[in-house]
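Everything on this sheet refers to the single structure shown next.
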Amino acid sequence: GATSPPMRLAVVGSGPAGFYAASRVMSKLPGTLVDMYEGLPVPFGLVRHGVAPDHPEVKNCQDRFGEIAAAPNFRFLGNVSVGQPLHAAEHCVAPLGSLMRHYDTVLLAYGASEDKKLGILGESTLTGIYSARQFVGWYNGLPECAGLRPDLLRGEDAVVIGQGNVALDVARILLEDVDVLRKTDITEHALAELARSRVRRVHVVARRGPMQAAFTIKEVRELMKLPSVAFWPVNRSLIPQDIKNLPRASRRLMEVLLKGTSLSPGQSSRSWSLDSCLSPRHFLGRSDNPTAVASTEFDMTHLEEPFNPASRVINTGSTKVLPSDVVFRSVGYRSVALPEFAEAGIQFDAARGIVSNDGLGRVTRLVSGDDANPHVTAQQVAGLYCAGWLKRGPTGVIASTMQDAFATGDAIVQDWLSGGRFLQPDQIQSPGGWEAVMQDVGPSATSAVSWDRWLRIDAAEKSRGHRLGKEREKFTRTSDMLSVL
Ligand code: FAD
């Protein structure tokens with residue numbers, strides 16, 4: 001009602017999920033006081049550190065996020081991570097328990113900060129094998145990946161394992177003309193290494209076939225359009241002879257794959273291929289340097305129904321070896337539980353890598369029944385919500401993340417209006433928010449980066465970029481970001 005105090009909402013994470021959910025709540029409950037906690041001094045999550053530098057139009061959502069952040073009832077708290085430290089430099093860690101004491105509602109939207117592993121021999125012992133997450137973080141200036149220095153001088157064959165859009169981003173960055181990349185916001189250290197790169201052939205390898213691929217047409221088309229990069233003809237037997245009857249999206253994708261490039265691999269020094277039906281078995285070292293990867297052995301697989309997008313796949317018993325001077329593992333991202341989850345009664349579904357929730361973003365826990373009612377039931381954890389990759393798992397683009405964050409925002413509003421489902425049920429005054437959390441965390445709270453201070457970092461990055469003829473030159477160390485202030 002008009003006399004009750006406004007909701008105090010803490011948002012953990014400043015990617016699309018956090019911003020879109022916050023904006024939804026702010027538009028439906030205009031007085032809501034929002035504090036957004038972000039572990040890095042800089043906002044926007046994977047829009048800044050994931051989306052490829054040659055996709056600047058995808059980053060336009062940052063303008064919308066800037067408008068949301070400009071509202072007087074919104075506060076950005078960069079360089080403050082929740083539950084566990086995100087980076088080593090001078091920064092502040094707020095316990096989740098402190099947020100739960102000082103807000104009505106806490107929204108977890110901290111994304112997926114780790115990657116899935118293959119779990120095969122050589123993966124963690126041989127050099128020259130990188131996760132796509134780290135490689136992407138390296139060329140996009142994610143502080144924890146700034147020191148990666150992938151070695152692109154070992155030879156001409158790169159293997160990218162996985163067939164999603166991230167795998168194609170990696171392939172494109174490896175093959176693209178560096179003079180095109182030079183005008184983007186790709187980091188200078190990455191440009192220098194890519195300019196020296198000896199990689200000429202990129203094998204995008206997958207357990208299944210083109211009909212089962214997760215990548216989308218835009219990304220395939222971009223690779224086909226790279227000047228002087230040829231595509232090895234796709235394995236025709238894995239695509240239906242008559243593609244006219246396929247659903248539209250799939251038909252168009254198959255058309256692009258079948259058309260390939262006008263350049264043939266013999267006419268060009270640079271090429272890429274889709275190597276289907278290969279499941280990685282182990283990595284092999286070089287004869288002259290046994291600690292460096294030289295090749296990958298794969299199990300050859302068989303698709304039970306090659307044209308069915310959900311086809312099962314089995315090993316045939318045969319194997320195949322691909323030369324692999326450098327390997328990128330691109331089999332998915334992974335969210336992690338915060339250390340305080342158990343204590344706070346939050347269940348983490350480790351298999352799916354998500355916070356257990358009702359599908360609309362209400363965090364739930366399973367409660368075992370008693371003698372009267374022996375059923376296990378899912379119970380809402382009052383006042384706690386999740387959104388984005390942490391809610392659905394690490395798939396989907398910004399548009400789908402937005403839809404999903406709106407659904408969580410609606411659940412928050414609905415629960416608030418129906419009364420009772422929040423963290424501080426008895427109070428008559430608004431809880432303390434950041435001012436109260438500051439008391440809990442002590443002196444390090446002064447290192448929080450406000451939105452105005454982020455705008456100063458932003459301006460400094462842009463002016464560094466302009467001197468180099470590009471949109472922006474990111475700071476890749478948190479200490480450098482903070483030294484602007
Ligand atoms: P994130 O964007 O990951 O945001 C999470 C935020 O939480 C981060 O800022 C992180 O620093 C912060 N955080 C983490 N832990 C804590 C903590 N403990 N305390 C406080 N803060 C914390 N989508 C497109 O539409 N187009 C594209 O071209 C595209 N390209 C992509 C390329 C790559 C390589 C990847 C990985 C994704 C791409 N996506 C693209 C997908 C898009 O980036 C995601 O859908 C979206 O970013 C997910 O949003 P999120 O808010 O859930 O997570």
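All ligand and atom numbering here is 1-based and tracks the order in the structure. We number each residue from 1, following the sequence as shown. From a predicted model like this one, the values you see are computed outputs, not experimental measurements. When reading the values below, keep in mind they use all heavy atoms of this one structure, side chains included, and skip hydrogens, waters and symmetry mates.
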Residue and atom name of the nearest protein heavy atom (relative to atom 51 (O) of ligand 1), distance in Å to one decimal:
A17 N, 2.9 Å
To the nearest 0.1 Å, how far is atom 18 (N) of ligand 1 from its closest protein heavy atom, and which atom is that?
V82 O, 2.9 Å
Give a yes/no on ligand 1: does G396 have at least one heavy atom closer than 4.0 angstrom to it?
yes
For atom 52 (O) of ligand 1, closest protein heavy-atom neighbour:
W389 N, 2.9 Å
Over 60° means perpendicular and under 30° means parallel, so classify the ring planes of W451 and F74, tilted if in between.
perpendicular
Purely on distance, is any nitrogen or oxygen of V47 under 3.5 Å from one on ligand 1?
no
Name the closest protein heavy atom to atom 7 (O) of ligand 1, giving the residue it belongs to and the distance to 0.1 Å.
G13 CA, 3.3 Å
Under 30°, 30 to 60°, or over 60°: which ring-plane class applies to Y103 and Y37, parallel, tilted or perpendicular?
perpendicular
Does the cation-pi check pass for R64 over Y20, that is, NZ or CZ under 6.0 Å from the six-membered ring centre and within 45° of its axis?
no
Would you mind checking which non-hydrogen protein atom is closest to atom 35 (C) of ligand 1, with the distance to 0.1 Å?
V166 CG2, 4.0 Å
For atom 34 (C) of ligand 1, closest protein heavy-atom neighbour
G50 O, 3.4 Å
Could you tell me if E473 and H466 have a donor-acceptor pair between their side chains, going purely by distance under 3.5 Å?
no
Identify the residue among L384, V82, V11 that makes a side chain to side chain contact (heavy atoms under 4.5 Å, CB included) with V106.
L384
For atom 25 (O) of ligand 1, which candidate among D169, I398, D404 provides the closest heavy atom?
I398
Here the atoms of ligand 1 under 4.0 Å from any heavy atom belonging to A109 are 5 (C), 7 (O)
Would you check the N or O atoms of G39, main chain and side chain alike, for any that come under 3.5 Å of an N or O of ligand 1?
yes
Please check if any side-chain donor atom of S271 sits under 3.5 Å from a side-chain acceptor atom of W232, or the reverse.
yes
Is the backbone of L40 close enough, under 3.5 Å, to the side chain of E38 for a donor and an acceptor to pair up by distance?
yes
Heavy-atom pairs closer than 4.0 Å: do any link ligand 1 to the side chain of V136, the backbone, both, or neither?
side chain
My question is simple, although I want it checked carefully: is atom 38 (C) of ligand 1 less than 4.0 angstrom from any protein heavy atom?
no
What protein heavy atom sits nearest atom 53 (O) of ligand 1, and how far away is it?
G111 CA, 3.7 Å
Any side-chain to backbone donor/acceptor pair from E461 onto F475? Under 3.5 Å, distance only.
yes
Once rounded to the nearest 0.5 Å, what's the spacing between atom SG of C386 and atom NZ of K391?
6.5 Å
Taking non-hydrogen atoms only, is H55 closer than 4.0 angstrom to ligand 1 via side chain, backbone, both or neither?
side chain
For ligand 1, which atoms sit closer than 4.0 Å to a heavy atom of G45?
2 (O), 4 (O), 8 (C), 9 (O)
Under 4.0 Å between heavy atoms, the region of L46 that gets near ligand 1 turns out to be both
Should one rank Y139, Y110, Y333, F135 by closest heavy-atom distance to atom 13 (N) of ligand 1, which comes out on top?
Y110
R154 CZ to R198 CZ distance, which is reported to the nearest 0.5 Å:
11.5 Å
Please list, in number order, the atoms of ligand 1 under 4.0 Å from a heavy atom of S81.
19 (N), 20 (C)
Check this for me - ligand 1, Q84, N or O atoms closer than 3.5 angstrom, yes or no?
no
In the protein, what heavy atom is nearest to atom 9 (O) of ligand 1, and what distance, to one decimal place, separates them?
E38 OE1, 2.6 Å
Show the atoms of ligand 1 that are less than 4.0 angstrom away from any heavy atom in V12.
19 (N), 20 (C)
Give the atom numbers and elements of ligand 1 that come within less than 4.0 Å of a heavy atom of G388.
52 (O)
Option among R252, R251, K259 that satisfies the salt bridge (charged side-chain N to carboxylate O under 4.0 Å, His left out) test with E255:
R251
Is P16 close enough to touch ligand 1? Criterion: a residue heavy atom under 4.0 Å from a ligand atom.
yes
Flag the pair R200 and D157 as a salt bridge only when some basic side-chain nitrogen lies within less than 4.0 angstrom of an acidic carboxylate oxygen.
no
Logged contact type for V58 with ligand 1, heavy-atom cut-off 4.0 Å, is side chain
Is S273 reaching over with its side chain to a backbone N or O of D275, donor-acceptor style, under 3.5 angstrom?
no
Counting the benzene-type ring for Trp, do W434 and H102 have ring centres under 6.0 Å apart?
no
With heavy atoms only and a cut-off of under 4.0 Å, state how V51 meets ligand 1: side chain, backbone, both or neither.
both
Counting N and O atoms only, with roles assigned by atom type, does the side chain of T32 sit under 3.5 Å from a partner on the main chain of P30, one being a donor and the other an acceptor?
no
Taking 4.0 angstrom as the limit and counting only heavy atoms of G15, give me the atoms of ligand 1 inside it, by number and element.
2 (O), 4 (O), 6 (C), 51 (O)
Nearest-0.5 Å distance that lies between atom NE2 in H189 and atom CG in L148
8.5 Å
